[in-house]
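A short write-up of the structure that comes next.
Protein chains get the first letters and strands the later ones, always in sequence-line order, with residue 1 at the start of each. Values in this document were obtained by computation on a predicted structure and should not be read as measured data.
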Amino acid sequence: MSENEYRPQEFEPRWARRWAEQWPFAALPAGRAKYYVLEMLPYPSGTLHMGHVRNYAIGDALARFMWMRGYDVLHPMGWDSFGLPAENAAIKNNTHPRTWTLANIAHMKQQDLRFGFAYDWRREVTTCLPEFYRWNQWFFLRFLERDLAYRKKGWVNWCPKCATVLANEQVAGGVCWRHEDTPVERRELEQWYLRITAYADQLLRDLDRLPEWPERVRTMQRNWIGRSEGAEVDFAVLDAAGRPGGEALRVFTTRIDTIFGASALLLAPEHPWLAAHLAPEQQAAARALAADRNGGFDSAAEPEKHGFFTGHWARNPFSGEKLPIWIANFVLMGYGTGAVMAVPGHDERDFEFCRKYGLPIRQVVVPEQGAAPAAALDAAFTGDGWLIDSGEFSGLPNRDAIVRMTAEAERRGFGQAKVSYRLQDWGISRQRYWGTPIPVVYCERCGIVPVPDAQLPVLLPDDVRITGTGQSPLAEATSFLRAACPRCGGPARRETDTMDTFVDSSWYFFRYTSPREESAPFDRAAVARWLPVDQYIGGIEHAILHLIYMRFFTKVMRDMGMVAFDEPVTRLFTQGMITRSGAKMSKSKGNVVDPAEMIERYGADATRMYVLFAAPPEKDFDWNDQGVEGLHRFLSRVFRFATRHAERLRGRLAAPERPRPRTAAETALLRATHQLLARVTRDFEERWHFNTSIAGAMDLVNRWYLLDGAIASGEVGAAVLGEVAGIFLRLLAPFAPFLAQELWSELGGAGEIALERWPEFDPELAREEEIEIPVQLNGKLRARLVVPPALDSGELRRRALEDPKIAAALNGRTPRQVIVVAGKLVNVVV
RNA sequence: GCCCGGGUGGCGAAAUUGGCAGACGCACGGGACUUAAAAUCCCGAGGCCCGCGAGGGCCGUGCGGGUUCGAUUCCCGCCCCGGGCACCA
């Protein structure tokens, strides 16, 4: 082989084909330590985008490294293949969602193969196939049995573009997570919910047991769960005669200490009490208030507070005072009890509301002990302090008062301590076709009846008209709709909503361990071997959606006795975004970089490697075509050097006996090589800063090019050159698997380089014979000493002071102090 | 408003434990090769100033302080950018 051009398009597909046909990692001996590397499974939208490439390049480099380090690695891939785009495409192209989806999967899998990602495709999981989704149904039934799935009517988020309901997690800032220009509407619907709130405390507490998750993600989850301690207090409603009736309105408050300052009760416009107590025109006004809350999402400002008096009164259980019952648009039905006490003196929102409507504003906490209240508050005082005008509790520090007053409420039977969560139950019903059918029927006689396990899967019917109108398409599929009640055999109607696709992704990574298991979602022994996931890699956008649902599912499985651990992922890595011209890539902006085009122009290796080189993987970076060209150039240099010296290198990549250096040039070359080895190994083990690994590799290759003379003269012999190339190619293999394999094969290496052992670091060879020590004068660099690395402090000090430049600068003066850090630096202070 | 990140040459970045700021790459400039260009190979390069030159000096990691022999790194205060949450009582 003579020196020639680097043309990845010629050899990359050849290896890709071979790896697709005979998976090289299949024959690993058992009994090694396991390592589970997982990348978030993609939605098969049609083509790979650069975000995928980054995600998989990181995971693949790690998986390949761990293989070479001797681990038994599980590195699977699958398809999150239910979901709305398939239905939209079906309408647009007049095809079936399945046809469209499976075609996309086939194409994207070809792209994955072309990139050389080392997945175990024998374990491929496709969530839209009945073999997978029947287990969604199985889990649903288990949840139902454990009272973790239930049906209720409630106010839900509705995206008019998706024409379906969204979970709270799928609404951000009042807009749909898929349609950022579409405000979410509120609708009242019957829905299936999963009782994630039953696990709120565990989900919160166990975040402390995930030290290897990014702090950012844990914080986001903590905020999302939103635990807050307070109390519930009942306010008796007064009847027409002004006496407390049988009814009471319950509020949640974290500031029971301020209850003597309450000016009103405020109810959410959707509060159920209102239905029976408001006149028709008031009901309409309440509905208008509810709608008012949805407006104004575009502006950063909060919507104006509105409300009105219902005409009813309640009694403050502590002070006995009469309080008007108001409706207020800023009170949320979904949090606490949907009712609050308005304490304008000590809550900013209540202050704003009460001032607007002329309700009394009183101060019942003062910042200093014994202080008098302000004559007129011009803002709420929300800090800690001492109670005043609060009956027997006056004079107490407010924190103590919270404890005492909660106990008092409990003793007198009108309240108790209560923990509230922002987190709400997970609504999983979707009024769409392309999803997992929810396995229940509605029987005229028996009501809601679960489909028995033996009748699973409830198959999605094929003959369905998809219109995108917001009706569950299954409701029109008569063959599907009609069912016999499993309990009484009588006529029954199937549930026509399908499940949120986040159900699939909550447990798919268990399925990889035993993808063909037919009697259970997974084989327990296989899961016990592989789980928890050692390293999960994906985008930050799933910080509170997928990543909280999967934790929830795992905890339920633990309670069911299916698994012995309660957190599914030991280490989480969230990669940064790739932007272009400073903006997120999107079709509408026309700034998308197509990976297929990059492969065509620069090859898979250069594309993958550029993505790793451009920035540390957790950081965002802006795409630069010339950057990929740079990586292509680097790989070309590797290729040309190897082919130019092919005759010398052939058969010498992995000599059984490690060659010893004979000349200074050989010593220097081996030293640089082993220093690089140490650097790349440490980057993998500790920091994942592949950009510096690759920079180091470039450095070494730059040295090679300066050695041509030394190679020609024999100063660098074939044995050492072969050793260096052998180490280098193995270091390159996790980043540029095609080129590493091509050169490995061309130069006489046996079999798959990916199955080679990671080279062994020799500290002896890496050791420097001489190092440069900077000498500072008053902290400023003035000279450099070249010394043996182990030179002791006394000698360093002596040589520094003898240095002509330092001596000249001292000019006979005695230094006040000489700082000597052996092996690092000398600082002479005068 | 609250909570996270981040701010270093023309650009992406590096500096691993408080110890030579700017490795590596991109873009750029010069040279070699070529009739020429491209490709390739070699060399140069933070800014300002002094010197014909070898070389030397000063400044420099968002801004202002502090700790230290020494700060991109630690502490305090501020500014700017990005992201998340946002009436959660």
Side-chain angles (χ1 to χ4, degrees), chain A residues 5 172-174 214-220 222-224 226-228 230 251-255 258 266 293 300-305 328-332 334-343 346-350 352-353 420-424 540-541 543-544 576-577 579 582 610 613-616 618-631 633-634 636-637 640 679 682-683 686-687 689 691-702 705-706 708 772-784 815-821 823-830:
Chain A
E5 286 275 310
E215 185 54 48
R216 182 156 67 126
V217 172
R218 291 190 290 161
T219 303
M220 283 167 80
R222 232 172 251 129
N223 294 342
W224 185 260
R227 184 180 199 272
S228 76
V251 305
F252 174 74
T253 178
T254 55
R255 293 296 305 274
T258 63
L266 307 180
R293 181 162 42 212
E302 282 160 11
E304 162 114 21
K305 291 177 177 45
N329 64 338
F330 67 95
V331 179
L332 306 172
Y335 182 76
T337 61
V340 301
M341 59 182 194
V343 184
H346 303 285
D347 181 284
E348 284 162 18
R349 296 151 301 175
D350 297 345
E352 193 187 326
F353 187 80
S420 271
Y421 297 93
R422 212 189 83 109
L423 180 74
Q424 292 178 44
I540 186 74
E541 66 273 18
I544 47 177
M577 221 175 37
T579 57
Y610 166 63
F613 178 71
E618 71 278 6
K619 275 191 72 170
D620 293 350
F621 79 88
D622 204 61
W623 184 269
N624 176 3
D625 274 354
Q626 280 162 335
V628 205
E629 246 169 88
L631 267 295
R633 199 170 301 148
F634 164 67
S636 303
R637 279 164 69 81
R640 272 197 308 271
R679 179 176 187 171
R682 196 184 42 220
D683 278 342
E686 291 170 18
R687 302 194 313 163
H689 280 201
N691 53 331
T692 61
S693 297
I694 295 168
M698 290 171 167
D699 227 357
L700 185 65
V701 172
N702 289 346
Y705 271 76
L706 301 178
D708 268 349
E772 247 188 22
I773 298 285
V775 183
Q776 299 179 334
L777 189 71
N778 289 335
K780 289 192 179 182
L781 182 70
R782 283 295 177 271
R784 290 192 171 91
R816 206 144 44 89
Q817 197 184 354
V818 182
I819 312 278
V820 183
V821 184
K824 286 278 187 192
L825 112 170
V826 179
N827 188 10
V828 181
V829 185
V830 291

Problem set entry | Separation of B:G57 P from A:Lys780 NZ (nearest whole Å) | 10 Å

Exercise. Of all the nucleotides listed (B:C87, B:A89, B:C42), which has the minimum atom distance to the side chain of A:Thr253?
Worked result: B:A89

Exercise. Does any N or O donor sit under 3.5 Å from an N or O acceptor when you compare the side chain of A:Lys305 with the base of B:C87?
Worked result: yes

Seminar exercise, completed: From CD of A:Glu215 across to P of B:C4 the rounded distance in Å is 8 Å

Exercise. Which value, in whole Å, describes the distance between the P atoms of nucleotides B:G6 and B:A86?
Worked result: 23 Å

For this session: Please identify each residue that fulfils salt bridge (charged side-chain N to carboxylate O under 4.0 Å, His left out) with A:Asp708, with sequence neighbours left out.
Result: A:Arg644

For this session: Side-chain contact test, heavy atoms from C-beta onward, threshold under 4.5 Å: evaluate it for A:Ile694 versus A:Leu631 and give yes or no.
Result: yes

For this session: Please determine if a side-chain N or O atom of A:Arg422 lies less than 4.0 Å away from the OP1 or OP2 oxygen of B:A86.
Result: yes

Exercise. Quick one: on RNA chain B, does A:Asp683 or A:Ile773 contact a more 5' nucleotide (nearest heavy atom)?
Worked result: A:Asp683

For this session: Let me know the distance between CH2 of A:Trp224 and P of B:G84, rounded to the nearest Å.
Result: 13 Å

Exercise. Which whole number of Å gives the distance between the C1' atom of B:U68 and that of B:C75?
Worked result: 12 Å

Problem set entry | Whole angstrom value for the distance that separates P of B:C87 from CZ of A:Phe330 | 12 Å

Problem set entry | Of the listed nucleotides B:A89, B:C3, B:C58, the one nearest the side chain of A:Thr254 | B:A89

For this session: Could you give the distance separating B:G64 and B:A71 at their P atoms, to the nearest angstrom?
Result: 15 Å

Problem set entry | Partner residues of A:Asp683 under the side chain to side chain donor-acceptor pair (under 3.5 Å) criterion, sequence neighbours left out | A:Thr692, A:Ser693

Problem set entry | Donor-acceptor under 3.5 Å (A:Asn827 side chain, A:Gln817 main chain) | no

For this session: Answer with base, sugar-phosphate or nothing: what part of the nucleic acid does A:Ser420 contact at a heavy-atom distance below 4.0 Å?
Result: nothing

Problem set entry | Proximity to the side chain of A:Tyr705 - top-ranked nucleotide from B:A89, B:C42, B:G19 | B:C42

Exercise. Would you say a side-chain N or O of A:Lys619 is under 4.0 Å from OP1 or OP2 of B:A13?
Worked result: yes

Exercise. What integer distance in Å separates A:Arg816:CZ from B:U68:C1'?
Worked result: 13 Å

For this session: Could you check which of B:C42, B:C69, B:A13 has an atom nearest any side-chain atom of A:Leu706?
Result: B:C42

Problem set entry | Backbone N/O of A:Asp625 and side chain of A:Tyr610: donor-acceptor pair under 3.5 Å | no

Exercise. Is B:G12 in the syn or the anti form, by the rule that syn lies within 90° of 0?
Worked result: anti

For this session: State whether the number of non-hydrogen atoms from other residues, nucleotides or ligands found under 6.0 Å of A:Glu348 atom CD is greater than 12.
Result: no

Exercise. Looking only at atom P, what distance separates B:G62 and B:C24, rounded to whole Å?
Worked result: 23 Å

For this session: To the nearest 0.5 angstrom, please state how far the CZ atom of A:Arg422 sits from the OH atom of A:Tyr335.
Result: 9.5 Å

For this session: For B:G9 versus B:C26, give the span between their C1' atoms, rounded off to a whole number of Å.
Result: 13 Å

Exercise. Can you tell me how far C1' in B:G82 sits from the matching atom in B:C74, rounded to whole Å?
Worked result: 25 Å

Exercise. If the C1' atom of B:G25 is compared with that of B:C78, how far apart are they to the nearest Å?
Worked result: 35 Å

Exercise. So how far is it from A:Ile544 CD1 to A:Asn223 CG, rounded to the nearest 0.5 Å?
Worked result: 9.0 Å

For this session: Would you mind telling me which residue lines up with the more 5' stretch of RNA chain B, A:Ala614 or A:Glu686, judged by nearest nucleotide?
Result: A:Ala614

Exercise. In whole Å, what is the span from the CG atom of A:Leu777 to the C1' atom of B:G56?
Worked result: 16 Å

Exercise. Taking the same atom, C1', in B:U17 and in B:G53, what whole-Å distance lies between them?
Worked result: 43 Å

Exercise. Counting only distance, no hydrogens or angles, is the base of B:C20 paired donor-acceptor with the side chain of A:Arg784 under 3.5 Å?
Worked result: yes

Exercise. Does the ring of A:Phe330 carry A:Lys305 above it, NZ/CZ under 6.0 angstrom from centre and within 45° of its axis?
Worked result: yes

Exercise. What does A:Ile540 touch in the nucleic acid at a heavy-atom separation under 4.0 angstrom: a base, only the sugar-phosphate, or nothing?
Worked result: nothing

Exercise. Taking side chain as C-beta onward, heavy atoms only, is A:Ile819 less than 4.5 Å from A:Gln776?
Worked result: no

Exercise. What residues, two or more places apart in sequence or in another chain, satisfy side chain to side chain donor-acceptor pair (under 3.5 Å) together with A:Asp622?
Worked result: A:Thr579

Seminar exercise, completed: Looking only at B:G19, B:G83, B:C41, the nucleotide nearest the A:Leu825 side chain is B:G19

For this session: State which of B:C42, B:G84, B:C58 makes the closest approach to the side chain of A:Arg782.
Result: B:C58

For this session: Mind calculating the distance between CD (A:Glu348) and P (B:C2) to the nearest angstrom?
Result: 10 Å

Exercise. Looking at A:Tyr335, does any N or O in its side chain come under 4.0 Å of the phosphate oxygens OP1/OP2 on B:A89?
Worked result: yes

Using a cutoff of under 3.5 Å, can you pull out all pairs of nitrogen or oxygen atoms linking the protein to nucleotides 21-32 of chain B, with atom names and distances?
residue : atom : partner  : partner atom : Å
B:G25   : OP1  : A:Asn702 : ND2          : 3.1
B:C26   : OP1  : A:Arg633 : NH1          : 2.5

Exercise. Are A:Arg222 and A:Glu215 within salt-bridge range, i.e. N to O under 4.0 Å?
Worked result: yes

Exercise. Nearest to the side chain of A:Lys824, which nucleotide is it out of B:C87, B:A15, B:G19?
Worked result: B:G19

For this session: Check every strand shown and say whether A:Pro214 touches a base, only sugar-phosphate, or nothing at a heavy-atom separation below 4.0 Å.
Result: nothing

Exercise. Touch check for A:Arg637, heavy atoms < 4.0 angstrom, all strands: base, sugar-phosphate only, or nothing?
Worked result: sugar-phosphate

Exercise. With a 4.0 Å cut-off on heavy atoms, is A:Glu772 in touch with a base, just the backbone sugar-phosphate, or nothing at all?
Worked result: base

Seminar exercise, completed: Sequence neighbours excluded, the answer for side chain to side chain donor-acceptor pair (under 3.5 Å) partners of A:Thr254 is none

Problem set entry | Distance test, side-chain N/O of A:Arg218 to OP1/OP2 of B:C4, below 4.0 Å | no

Exercise. According to a 3.5 Å limit on both distances, what stems of 3 or more consecutive Watson-Crick or G-U pairs are formed with RNA chain B?
Worked result: B:1-7 with B:79-85, B:10-12 with B:24-26, B:28-32 with B:40-44, B:46-50 with B:55-59, B:62-66 with B:74-78

Exercise. Which nucleotide, B:C87, B:A13, B:C41, lies nearest any side-chain atom of A:Asn329?
Worked result: B:C87

Exercise. NA contact type, A:Val821, heavy-atom cut-off 4.0 Å: base, sugar-phosphate, or nothing?
Worked result: base

